[in-house]
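A quick write-up on the structure given underneath.
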Amino acid sequence: MSEHKIKIAPSVLAADFARLGEQTGEVEKVAAAYGVDRLHIDVMDGMFVPNISFGIPVIKSLAKVAQLPLETHLMIDAPERYLEAFVAAGSRSLLVHVEGAHHLHRTVQQIKGLGVKAGVVLNPATPASALEEILGDVDLVLLMTVNPGFGGQEFIRSTLPKIERVRMMIHEHNIGCELEVDGGIDSATAPLVVSAGANVLVAGSAVFGAKDGIEAALKHLATAADAAE
Ligand code: DX5
Ligand code: ZN
């Protein structure tokens, strides 16, 4: 049923945490129809970013009920301290910031050694060139299109040329790595990032905060993304 080339990763940061299982269940019911192939989980420590979200126990509970794989975006200092714990909790991929991992190559190898997918994340001001020596080792690159720390922020347009550059680098290296974007993605910005080369879209507020409900929101987003392909 899903012919969508563009994947959507709903970010549960924008969900109602008192109804987390119910809301992710709502996403999962219609996931296949709109190219939703994972749930995006934002972990924040109040140090790497100026906000605290939730951690291991919440992921553990969600993993028990979730059908879709959990992708965990670690916005924490020295993430290497917690890789095992996040995998044990049920994460199927771990995304670490190049700005927060002192020994990025080692951290990426550790993640892969735990049997899950490894991704690296770049903040808006971090240049694409920071990926050069690690690109061949990762399953996914996540480009932040807002400064990390909060949902519901405005998309930063100056990240578009970087998305194009990274798409080119992936092409030149001839690797099958995914190119995901995160922050301020809705049906207005989705076509821009897809045209620039993104193939996975994280969306929090546009999915869980939508006035007309989760299914309508996913439909709008998938339609907007597909129109730009
Ligand atoms: C921001 C997080 C995002 C956030 C996106 O630091 O990494 O995943 O949930 O939220 P929206 O889609 O509302 O910008
Ligand atoms: Zn995120």
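When a ligand or atom number is given, it counts from 1 through the structure's own listing order. Just so it is clear, the structure is predicted and the values come from calculations on it, not from any experiment. For reference, positions follow the sequence shown, starting with 1.
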Output, in order, the C-alpha distance, side-chain angles, deciding distance and verdict of side-chain contact (heavy atoms from CB on, under 4.5 Å) for V121 and M144.
CA-CA 7 Å; V121 192; M144 293 307 302; 3.8 Å; yes
Within the 4.0 Å heavy-atom cut-off around ligand 1, the contacting residues, ordered by chain and number, are S11, L13, H40, D42, M44, H73, M75, M144, P148, G149, F150, G151, G152, D182, G183, G184, V202, A203, G204, S205
Within a 6.0 Å radius of atom CZ on R167, are there more than 12 heavy atoms belonging to other residues, nucleotides or ligands?
yes
Using the side-chain hydrogen bond (donor to acceptor under 3.5 Å, both in side chains) rule, collect all pairs that involve residues 40-64, keeping only residues at least two apart or in two chains.
S11-D42, H40-D42, H40-E71, H40-H73, H40-D182, D42-H73
Derivation and outcome, side-chain contact (heavy atoms from CB on, under 4.5 Å), residues F86 and L70:
CA-CA 10 Å; F86 280 110; L70 306 183; over 6 Å; no
Would you mind writing out the side-chain donor-acceptor pairs for residues 200-217 within the sub-3.5 Å range, not counting sequence neighbours?
{"residue": "S205", "atom": "OG", "partner": "G152", "partner atom": "N", "Å": "3.3"}
{"residue": "E215", "atom": "OE2", "partner": "Y34", "partner atom": "OH", "Å": "3.0"}

For the Zn ion (ligand 2), which protein N/O/S atoms fall under 2.8 Å? Skip waters.
H40 NE2, D42 OD1, H73 ND1, D182 OD2
More than 12 foreign heavy atoms under 6.0 Å from CZ of F48: is that the case here?
yes
Among L13, L95, V12, whose side-chain contact (heavy atoms from CB on, under 4.5 Å) with I41 holds?
V12
Distance-only polar pair, side chains of T189 and D186, donor-acceptor under 3.5 Å:
yes
Under a 4.0 Å N-O cut-off, is there an ion pair linking R38 with E178?
yes
